[in-house]
Amino acid sequence: MKEAKAAELSFEADSPEATLLRRRLMSWYKEHARDLPWRGVDDPYRTWVSEVMLQQTRVVAVIDHYEQFLKKFPTLVALALAPESSVLAAWSGLGYYRRARMLHKAAKFILRERGGVLPMTSAELRTLPGVGDYTSAAIASIAFGESIAVVDGNVERVLLRVTGRDEEGTAAGKTFVQMQAAALVPKKKMTETSNAAGDHNQAMMELGATLCLPRTPLCLQCPLYSLCQTRGEHITPKRKSQRSLPAAYLLSLRKRGTLTEVLLERRANDASLMPGMYELPALPQDGVEGREPMLRLRHSITNTNYYVQVFAPRGPQDQALRRAIPAAKNDLFWIRTNRLQQQPLTGLTRKVLQRLDVMEVAPLRMPEDE
DNA sequence: AACCCGTGGTC
DNA sequence: TGACCAAGGGT
């Protein structure tokens, strides 16, 4: 005897059901789309930057970096001509630093091989480093109006729920979602005033990001409620368990005339995590017993929650902390605090230095904008 | 295919 | 506190 199975739905291109979903989705999107800095920009370079930043990264974190990054690198050529360290510096705090390296590498390639003009098709975009299936489709549809479906984590969740499939994470589920997304994306060409495919793709993602949430979907507000087979049921795969670890760092400052310098350590180039980036020197846990930290904070890296303490020498003659750091290290540098914005700092180091007012927090807007 | 790469808000 | 996880890509 067969087990009872939930109803399933499958969309055919150009079917009445597909048309209905598109219409409901778009009319909802027109009213509820968030006003994000990269929405409505008419510059493929900016779309590219925003899409790379958004890979596995929360919108709020991207908002914090997007404007600063584009102020520093306003054009593809500006990015291509910049040193990699300054690109990493602008990326500091966003994580997945390989994205910044690949973005920079791709910009240099485009300047050298294509006269600085970004490719206009998903197929060509797909060949760039750091541009995969998702990002190539996103840029091609949003910036150039190509009728190609975007599939990200949001789209996958929305479509599995709407259709009632229970194949999360499987290869068959991936294929099914890709087919469904392709059947739903409008074929209409971009015009002067409208971009059907780009808007549809953004609307699918917007629905997943704001209503069709992983844990607690807001089904009663959903424009697809009457079409939806599950109305919220959704199984997610188990993830690796988290762990917690203590960590201690040294904050060492010195004066050079009117300037202040801070001691930083450069991570090894062959480190798997954040290679070549600068951070406060780490202190062994047993070297800080009984001392009072000047700052405590939590910092999460992948599957680890670090409970971080930052220590500073109590005076010029307090050598105990300095001695805790092996003297033989040749990767220690005194960095002027007014140059920290130009340094590729790890996210934790940037956060600590900003929190302790050693490093200025770059303003999001200029004062004259107020 | 499975694993690795960063981060921080939230509950 | 520990756990969850977000507009993925590369290997």
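In what follows, every chain begins at residue 1, and chains take the letters A, B, ... in the order their sequences are listed. Quick note: numbers below take in every heavy atom, side chains included, and nothing from hydrogens, waters or symmetry partners.
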Do the side chains of Glu51(A) and Arg46(A) get close enough for a salt bridge, i.e. N-O under 4.0 angstrom?
no
Do Ser300(A) and dG8(B) share a donor-acceptor pair, side chain to base, under 3.5 Å?
yes
Any idea how His32(A) and Trp28(A) line up, ring-wise: parallel (<30°), tilted (30 to 60°), or perpendicular (>60°)?
parallel
Is any side-chain N or O of Lys351(A) closer than 4.0 Å to OP1 or OP2 of dT7(B)?
no
Polar-atom pairs under 3.5 Å, protein N or O versus N or O of nucleotides 7-11 of chain C: list them with distances, or write none.
residue: dA7(C); atom: OP1; partner: Asn154(A); partner atom: OD1; Å: 2.6
residue: dA7(C); atom: OP1; partner: Asn154(A); partner atom: ND2; Å: 2.2
residue: dA7(C); atom: OP2; partner: Asn154(A); partner atom: OD1; Å: 2.5
residue: dA7(C); atom: OP2; partner: Asn154(A); partner atom: ND2; Å: 3.2
residue: dA7(C); atom: O5'; partner: Asn154(A); partner atom: ND2; Å: 2.5
residue: dA7(C); atom: O4'; partner: Asp152(A); partner atom: OD2; Å: 2.7
residue: dA7(C); atom: N6; partner: Trp38(A); partner atom: NE1; Å: 3.4
residue: dA7(C); atom: N6; partner: Arg39(A); partner atom: NH2; Å: 3.2
residue: dA7(C); atom: N1; partner: Arg34(A); partner atom: NH2; Å: 3.4
residue: dG8(C); atom: OP1; partner: Gly153(A); partner atom: N; Å: 3.4
residue: dG8(C); atom: OP2; partner: Gln56(A); partner atom: N; Å: 2.8
residue: dG8(C); atom: OP2; partner: Gln56(A); partner atom: NE2; Å: 3.1
residue: dG8(C); atom: O5'; partner: Gln56(A); partner atom: N; Å: 3.3
residue: dG9(C); atom: OP1; partner: Gly132(A); partner atom: N; Å: 2.9
residue: dG9(C); atom: OP1; partner: Thr135(A); partner atom: N; Å: 2.9
residue: dG9(C); atom: OP1; partner: Thr135(A); partner atom: OG1; Å: 2.5
residue: dG9(C); atom: OP2; partner: Tyr134(A); partner atom: N; Å: 3.3
residue: dG9(C); atom: N2; partner: Arg98(A); partner atom: NH2; Å: 2.6
residue: dG10(C); atom: OP1; partner: Gly130(A); partner atom: N; Å: 2.6

Would one find a side-chain N or O of Arg215(A) under 4.0 angstrom from OP1 or OP2 of dC4(C)?
no
How would you label the contact of Tyr307(A) with the nucleic acid (heavy atoms, under 4.0 Å): base, sugar-phosphate, or nothing?
base
Hey, is the side chain of His299(A) poking within less than 4.0 Å of OP1 or OP2 on dG8(B), counting only N and O atoms?
yes
Distance between the P atoms of dT11(C) and dG6(B), in whole angstroms?
14 Å
Output yes when Glu113(A) and Lys108(A) qualify as a salt bridge under the 4.0 Å nitrogen-oxygen rule, no when they do not.
no
Could you tell me how far dA7(C) sits from dC4(B) if I compare only their P atoms? Round to whole Å.
23 Å
For Ile301(A), report the nucleic acid contact type (base, sugar-phosphate, nothing); a contact means any heavy atom under 4.0 Å.
base
Suppose we call a contact any N or O donor and acceptor under 3.5 Å apart; does that hold for the side chain of Arg58(A) and the base of dC5(C)?
yes
Give a yes/no verdict on a cation-pi contact between Arg165(A) and Phe176(A), requiring under 6.0 Å between NZ or CZ and the six-membered ring centre and an angle within 45° of the axis.
yes
